[in-house]
Novice: 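This is the structure I want to talk about, given as structure tokens.
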Amino acid sequence: MDTAAEERLKGQAEIWEHMFAFVDSMALKCAVELGIPDIINSHGRPVTMSEIIHSLKTTTSSSSSSPNVEYLTRVMRLLVHNRIFTSQFHQESNEVLFDLTRSSKWLLKDSEFNLSTLVLFEMDPILLKPWQYLSKCVQESGFPFEKAYGCKIWEFALANPQFNEFLNNALRCTTSTIINEMLVEYKDGFKGMKSLVDVGGGTGTMMAQIVEANPHIQGINFDLPHVVATAPNHPGVEHVGGDMFVDIPEADAIMMKSVLHDWNDEYCAKILKNCYKAVTKKKDGKVILVEGVLQPDKNDTFDKAGLMFDMVMIAHTSAGKERTEEEWKILLNNAGFPRYNIIKTSAFHCIIEAFPE
């Protein structure tokens with residue numbers, strides 16, 4: 001085969017893979033919905049297909065139906081190929097044994113580091129529909145989620161309590177990883193701090209763990225009234241409902257985790273200027289951002305994920321975006337924060353300290 005024909009063939013194979021990339025996601029969703037990682041983990045060893053099927057039979061809500069062994073075998077074959085699980089033929093038992101990998105360990109529902117809820121959230125039909133409007137929004141502008149549902153995602157959550165709970169749970173499952181990184185990589189950043197506001201803190205999970213590790217801090221969990229209305233009580237944490245575009249409670253430091261990437265530069269400037277007002281009355285006040293910092297020209301562990309997150313911002317927010325360091329620098333400087341410091345963590349998110357002039 002000549003070089004041109006070989007290149008043409010490889011190009012065809014690449015398009016097939018991109019075209020059906022959604023199949024990988026759907027197979028992953030299937031495994032999470034069925035609880036396959038938890039079934040394997042519950043045995044404490046590699047398991048056979050018959051053991052997986054037996055576990056599914058004991059958990060199914062319908063006594064009149066049985067799991068489809070052929071379907072599951074084919075789903076597992078793809079997931080093994082994608083390194084979500086491993087498989088090995090066991091000579092003595094004459095059966096294939098399936099086991100967890102470093103990837104599927106992130107899908108264990110009882111694990112501290114668990115992304116299973118986020119997988120189900122992003123693969124939910126409600127969240128998939130806006131992607132059908134991506135090209136239309138490129139041509140005409142507008143926002144895919146609003147094209148699909150006629151409102152912003154936050155308004156949709158307000159009108160649909162079940163979706164709101166789903167959204168909060170999905171966001172909460174990423175919080176444990178970020179908290180761990182913050183408490184390890186940024187532990188010195190909390191020294192001498194008396195008060196801390198978590199803007200867009202959801203139900204207060206992150207603030208609760210920070211205060212637990214730093215009991216000298218008075219924690220304020222700040223979010224929309226309907227969000228904090230469902231928040232549980234946390235020792236040392238006060239829940240405050242409000243609007244970050246109007247006013248933010250004063251504190252020694254303002255923290256925001258994955259908030260600014262939901263908004264365009266204009267809205268971010270409004271939020272940051274309210275942060276400026278909230279910290280400038282305090283000595284050594286600062287803003288702590290937990291956000292991604294894009295490196296489009298690199299190929300480190302999370303660089304591809306960062307570019308994908310940026311696409312998610314188009315599909316699910318109203319002009320949200322991931323930003324490069326240069327974009328963060330301009331945004332912070334225009335809001336009154338000329339000094340900043342980026343602390344890289346072992347996860348996708350970085351910690352950006354910003355100081356007022």
Side-chain angles (χ1 to χ4, degrees), residues 1-37 49 67-87 96 98 100-104 106-107 115-149 153 156 166 170 174 261 292 294-322 348:
M1 184 183 296
D2 60 40
T3 303
E6 184 177 1
E7 283 296 296
R8 188 164 57 249
L9 191 64
K10 288 180 179 178
Q12 180 192 160
E14 289 167 356
I15 292 300
W16 279 108
E17 290 185 11
H18 289 303
M19 186 192 315
F20 289 114
F22 74 91
V23 176
D24 291 337
S25 300
M26 291 298 110
L28 178 63
K29 179 187 179 186
C30 174
V32 173
E33 287 181 324
L34 294 174
I36 303 298
M49 178 59 68
N68 190 308
V69 180
E70 182 195 350
Y71 283 1
L72 183 57
T73 300
R74 290 157 65 183
V75 170
M76 292 297 287
R77 181 171 60 189
L78 175 61
L79 292 174
V80 167
H81 178 81
N82 290 345
R83 298 186 296 276
I84 303 298
F85 301 106
T86 64
S87 68
V96 174
F98 297 95
L100 301 173
T101 65
R102 64 188 182 189
S103 298
S104 46
W106 279 88
L107 303 174
L115 293 175
S116 60
T117 307
L118 189 61
V119 169
L120 297 180
F121 181 74
E122 292 295 346
M123 295 299 105
D124 189 84
I126 291 175
L127 275 298
L128 290 177
K129 185 177 178 181
W131 290 101
Q132 305 299 322
Y133 295 86
L134 186 58
S135 58
K136 189 176 184 66
C137 288
V138 168
Q139 290 179 312
E140 305 173 359
S141 292
F143 310 115
F145 194 92
E146 293 183 31
K147 293 278 189 185
Y149 296 106
I153 190 170
F156 188 89
F166 195 15
T174 65
H261 77 164
L294 285 184
Q295 300 183 103
D297 299 326
K298 293 190 177 181
N299 195 29
D300 292 338
T301 305
F302 289 100
D303 286 335
K304 175 68 178 295
L307 296 174
M308 289 181 166
F309 287 151
D310 190 42
M311 292 296 98
V312 173
M313 294 301 102
I314 295 177
H316 295 162
T317 71
S318 299
K321 60 188 290 188
E322 300 293 341
F348 166 69

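Here the structure is a predicted model, which is why all the values come from computation and not from measurement. Hydrogens, waters and symmetry mates are skipped; everything else that's a heavy atom, side chains included, is used.
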Novice: Residues in salt bridge (charged side-chain N to carboxylate O under 4.0 Å, His left out) with K304, at least two apart?
Specialist: none

Novice: Supply the atom-to-atom distance T86 OG1 to R102 CZ, rounded to the nearest 0.5 angstrom.
Specialist: 12.5 Å

Novice: Run the numbers on L34 and L72 for side-chain contact (heavy atoms from CB on, under 4.5 Å), then give the verdict.
Specialist: CA-CA 10 Å; L34 294 174; L72 183 57; 4.1 Å; yes

Novice: Nearest 0.5 angstrom please: L78 CG to T73 OG1, how far?
Specialist: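 Reported to 0.5 Å precision, the distance equals 13.0 Å.
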
Novice: Using a 6.0 Å cut-off, check whether atom CG of D2 has over 12 heavy atoms from anything other than its own residue.
Specialist: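 More than 12 heavy atoms, drawn from other residues, nucleotides or ligands, come within 6.0 Å of this atom.
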
Novice: Using 0.5 Å steps for rounding, measure from the CZ atom of F98 to the CD1 atom of I84.
Specialist: 14.0 Å

Novice: Are any of the side-chain heavy atoms of V312 and E322 separated by less than 4.5 Å?
Specialist: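 Not in contact.
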
Novice: Could you note down all residue pairs passing salt bridge (Lys or Arg N to Asp or Glu O under 4.0 Å) where residues 14-28 supplies at least one of them, sequence neighbours left out?
Specialist: none

Novice: Indicate yes or no for a side-chain donor-acceptor contact from S116 to the backbone of V32 under 3.5 Å, with no hydrogens or angles considered.
Specialist: no

Novice: Check side-chain hydrogen bond (donor to acceptor under 3.5 Å, both in side chains) between K29 and all other residues, then give those that pass, not counting sequence neighbours.
Specialist: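 Once residues adjacent in sequence are excluded, K29 has no partner under the side-chain hydrogen bond (donor to acceptor under 3.5 Å, both in side chains) criterion.
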
Novice: For Q139, which residues count as a side-chain hydrogen bond (donor to acceptor under 3.5 Å, both in side chains) partner, sequence neighbours excluded?
Specialist: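 None.
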
Novice: Can you list the residues that meet the side-chain contact (heavy atoms from CB on, under 4.5 Å) rule with S25, with sequence neighbours excluded?
Specialist: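 Partners of S25 by the side-chain contact (heavy atoms from CB on, under 4.5 Å) criterion, ordered by chain and then number, come out as M123.
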
Novice: Tell me whether S141 contacts the main-chain N or O of C137 through its side chain, where contact means a donor paired with an acceptor under 3.5 Å.
Specialist: no

Novice: Does the side-chain contact (heavy atoms from CB on, under 4.5 Å) test come out yes or no for D310 and H261, once each step is laid out?
Specialist: CA-CA 9 Å; D310 190 42; H261 77 164; over 6 Å; no

Novice: Distance from T117 atom OG1 to E122 atom CD, nearest 0.5 Å?
Specialist: 12.0 Å

Novice: Quick one: does P144's side chain get under 4.5 Å of I314's, heavy atoms only?
Specialist: yes

Novice: Rounded to the nearest 0.5 Å, what separation is found between the CG atom of L120 and the CG atom of L127?
Specialist: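 CG of L127 is found 11.0 Å from CG of L120.
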
Novice: Quick one: CG on L79 to NE2 on H81, what's the gap to the nearest 0.5 Å?
Specialist: 11.0 Å

Novice: Which residues pass the ring pair (Phe, Tyr, Trp, His ring centres under 6.0 Å) test with F85, sequence neighbours left out?
Specialist: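 Not a single residue meets the ring pair (Phe, Tyr, Trp, His ring centres under 6.0 Å) criterion with F85.
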
Novice: Check ring pair (Phe, Tyr, Trp, His ring centres under 6.0 Å) between H316 and all other residues, then give those that pass, not counting sequence neighbours.
Specialist: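 W131.
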
Novice: Please identify each residue that fulfils side-chain contact (heavy atoms from CB on, under 4.5 Å) with D300, with sequence neighbours left out.
Specialist: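 If we apply the side-chain contact (heavy atoms from CB on, under 4.5 Å) test to D300, skipping adjacent residues, the hits are Q295, K298, D303.
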
Novice: Only counting residues at least two apart or in another chain, list the ones meeting salt bridge (charged side-chain N to carboxylate O under 4.0 Å, His left out) with K129.
Specialist: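 Result, salt bridge (charged side-chain N to carboxylate O under 4.0 Å, His left out) vs K129: none returned.
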
Novice: Provide the closest heavy-atom pair for L294 versus L307 in the form atom of the first, atom of the second, distance.
Specialist: CD2-N, 4.0 Å

Novice: Tell me, with the steps shown, if Q132 and K147 meet side-chain contact (heavy atoms from CB on, under 4.5 Å).
Specialist: CA-CA 9 Å; Q132 305 299 322; K147 293 278 189 185; over 6 Å; no

Novice: List the residues meeting side-chain contact (heavy atoms from CB on, under 4.5 Å) with F143, not counting sequence neighbours, and say none if there are none.
Specialist: E146, S318, A319

Novice: Using the rule given for side-chain contact (heavy atoms from CB on, under 4.5 Å), can you reason through L9 versus Q12, listing the C-alpha separation, both sets of side-chain angles and the distance that settles it, and then say yes or no?
Specialist: CA-CA 5 Å; L9 191 64; Q12 180 192 160; 4.0 Å; yes

Novice: Around M26, counting heavy atoms of other residues, nucleotides and ligands shown, do more than 12 lie under 6.0 Å from its CE?
Specialist: yes

Novice: Just to verify, what does R77 make a salt bridge (charged side-chain N to carboxylate O under 4.0 Å, His left out) with, not counting sequence neighbours?
Specialist: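 Here no residue qualifies.
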
Novice: Listed by chain and number, what are the side-chain contact (heavy atoms from CB on, under 4.5 Å) partners of F156, not counting sequence neighbours?
Specialist: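 Counting only residues at least two positions away or on another chain, F156 forms a side-chain contact (heavy atoms from CB on, under 4.5 Å) with I126, F145, Y149, C151, N160, F163.
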
Novice: Which pair of non-hydrogen atoms, one from S104 and one from P37, has the smallest distance, and what is that distance?
Specialist: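 Heavy atoms only, the tightest pair is O-CB, 3.9 Å.
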
Novice: Look at the rings of W16 and F20 and say which category their plane angle falls in: under 30° parallel, 30 to 60° tilted, over 60° perpendicular.
Specialist: parallel

